[in-house]
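Notes follow once the structure below has been shown.
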Amino acid sequence: MNVAYEWHDVPPADFAVIGDPVAHSRSPQMHEAAYRALGLNLRYVAVRVSAGKVEDALDHFREFGFKGVNVTVPHKSEAMDWGDPDELAEKIGVANTIDLQSRIATNTDGPGFLDTLEPFAFPQGATALILGAGGSARAIAAVLPSAGFQVSIWNRTATRAIGLAQEFGLESVDKATARFDLVINATSVGLSKDRIAIDWRSAKPATVAYDLVYGKTPFLEEATAQGLRVVDGKELLVAQGARSFEFWLGIRPPRDVMLEAIQ
Ligand code: NAP
């Protein structure tokens, strides 16, 4: 656990992640490892902000000289109201990164997700199933077609999958199967006892199972047992963090150092 400051008691720093709760966030250690590696004299802190106080907190950070913030649950919409969303944040409907001086709000989860797929070199027209219809599923649904994927969406509450699919011109499915090139768990079912029942025997040998949750989740363990390639949420944490870093500072940070810092 990090130290999580209360927003009105925040010490001088340059960047922050705001959320509630936020003490579990690995962003401070990840960004500070990149500052050290690049010899930058910067500080990144975790700050708890309660719902309804996001605009006051962002005004305070701006006046206090902070350069930027990452925004996590449950503040992504409230923070967007304070900021000036760019085209991508507007399309996704959610911002996770704000430049406090310009007020520009962007979303680095979507592009960061695409970065993490590069090593797999999926062919044009590859098929993908997104499990979930929340904020993260939305960010992925907004960018995956631009990378050449044919995208389907499944969600526990089917009406939300249908709505999301219609909004982005995608297909919704009423059963979660593994008959895709890429199967992404973008639900919050992670390390808990809950699981999404998928018959991994129907997967292709080259199918990739991707969980946005960190670590060895039951979803990834079952896919691994079937001999499939897997990706866990730490890859996305680093990729979205690296993109936020570059958005604020105009410098590409060392992603290997950032990944090492959160292991
Ligand atoms: P969210 O907006 O709250 O959406 C939650 C989704 O999970 C909904 O689709 C919900 O379905 C589904 N769900 C919840 N409990 C379920 C259950 N028992 N069975 C089946 N489906 C269930 O959450 P989010 O912001 O999209 O985040 C989703 C996950 O991604 C979280 O665990 C988050 O920590 C993780 N994440 C990781 C990164 C990273 O950097 N690695 C970045 C962003 C998010 P209903 O619509 O039916 O309720």
Side-chain angles (χ1 to χ4, degrees), residues 17-31 46 51 70-80 88-89 92-97 106-117 129-144 151-168 170 172-177 183-198 209-220 222 230-245 255 258-259 261-263:
V17 55
I18 63 165
D20 187 16
V22 74
H24 65 282
S25 171
R26 301 183 193 193
S27 291
Q29 70 233 52
M30 182 172 80
H31 282 268
N70 281 132
V71 185
T72 189
V73 179
H75 299 325
K76 290 187 184 180
S77 301
E78 222 182 305
M80 197 155 120
L88 183 63
I92 296 173
V94 168
N96 71 330
T97 304
T106 192
N107 186 301
T108 65
D109 283 330
F113 182 79
L114 294 185
D115 292 347
T116 65
L117 298 184
L129 176 66
I130 301 172
L131 305 170
S136 306
R138 236 189 117 71
I140 295 169
V143 298
L144 256 190
V151 181
S152 302
I153 303 175
W154 171 90
N155 191 50
R156 176 180 63 175
T157 309
T159 48
R160 294 187 74 200
I162 294 166
L164 184 57
Q166 276 174 352
E167 191 178 339
F168 290 110
L170 310 173
S172 59
V173 293
D174 54 15
K175 193 168 186 305
T177 74
V183 183
I184 307 147
N185 179 23
T187 72
S188 43
V189 175
L191 299 165
S192 69
K193 287 199 297 298
D194 283 344
R195 56 186 287 279
I196 295 172
I198 292 191
Y210 194 131
D211 201 330
L212 298 198
V213 177
Y214 316 141
K216 286 185 185 167
T217 59
F219 176 85
L220 293 188
E222 288 170 18
V230 299
V231 184
D232 86 75
K234 290 197 284 292
E235 300 284 338
L236 175 58
L237 178 67
V238 169
Q240 60 78 30
R243 280 191 170 255
S244 298
F245 187 114
R255 293 190 181 201
M258 295 170 85
L259 182 60
I262 59 161
Q263 296 288 5

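Scope of the values below: all heavy atoms of this structure, side chains included, with no hydrogens, waters or symmetry mates. Just follow the structure's listing: the first ligand is 1, and inside any ligand the first atom is 1. Count residues from 1 along the sequence.
A donor-acceptor distance shorter than 3.5 angstrom exists from the side chain of Asn107 to the backbone of Val94, with no hydrogens or angles considered.
If you look at ligand 1, the protein residues with a non-hydrogen atom under 4.0 Å away are Gly132, Ala133, Gly134, Gly135, Ser136, Asn155, Arg156, Thr157, Arg160, Ala186, Thr187, Ser188, Val189, Asp194, Leu212, Val213, Tyr214, Gly233, Leu236, Leu237.
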Exercise for the section: Tell me, with the steps shown, if Thr217 and Asp232 meet side-chain hydrogen bond (donor to acceptor under 3.5 Å, both in side chains). Expected result: CA-CA 8 Å; Thr217 59; Asp232 86 75; over 6 Å; no
Practice task
Check step by step if side-chain hydrogen bond (donor to acceptor under 3.5 Å, both in side chains) holds for Asn70 and Ser244.
Solution key: CA-CA 8 Å; Asn70 281 132; Ser244 298; 3.1 Å; yes
Problem - Derivation and outcome, side chain to side chain contact (heavy atoms under 4.5 Å, CB included), residues Leu164 and Leu170 - result: CA-CA 8 Å; Leu164 184 57; Leu170 310 173; over 6 Å; no
Problem - Test log, rule side chain to side chain contact (heavy atoms under 4.5 Å, CB included), inputs Ile184 and Leu144 - result: CA-CA 11 Å; Ile184 307 147; Leu144 256 190; 3.8 Å; yes
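A parallel orientation is assigned to the rings of His31 and Phe245, their planes being inclined by less than 30° (bins at 30° and 60°).
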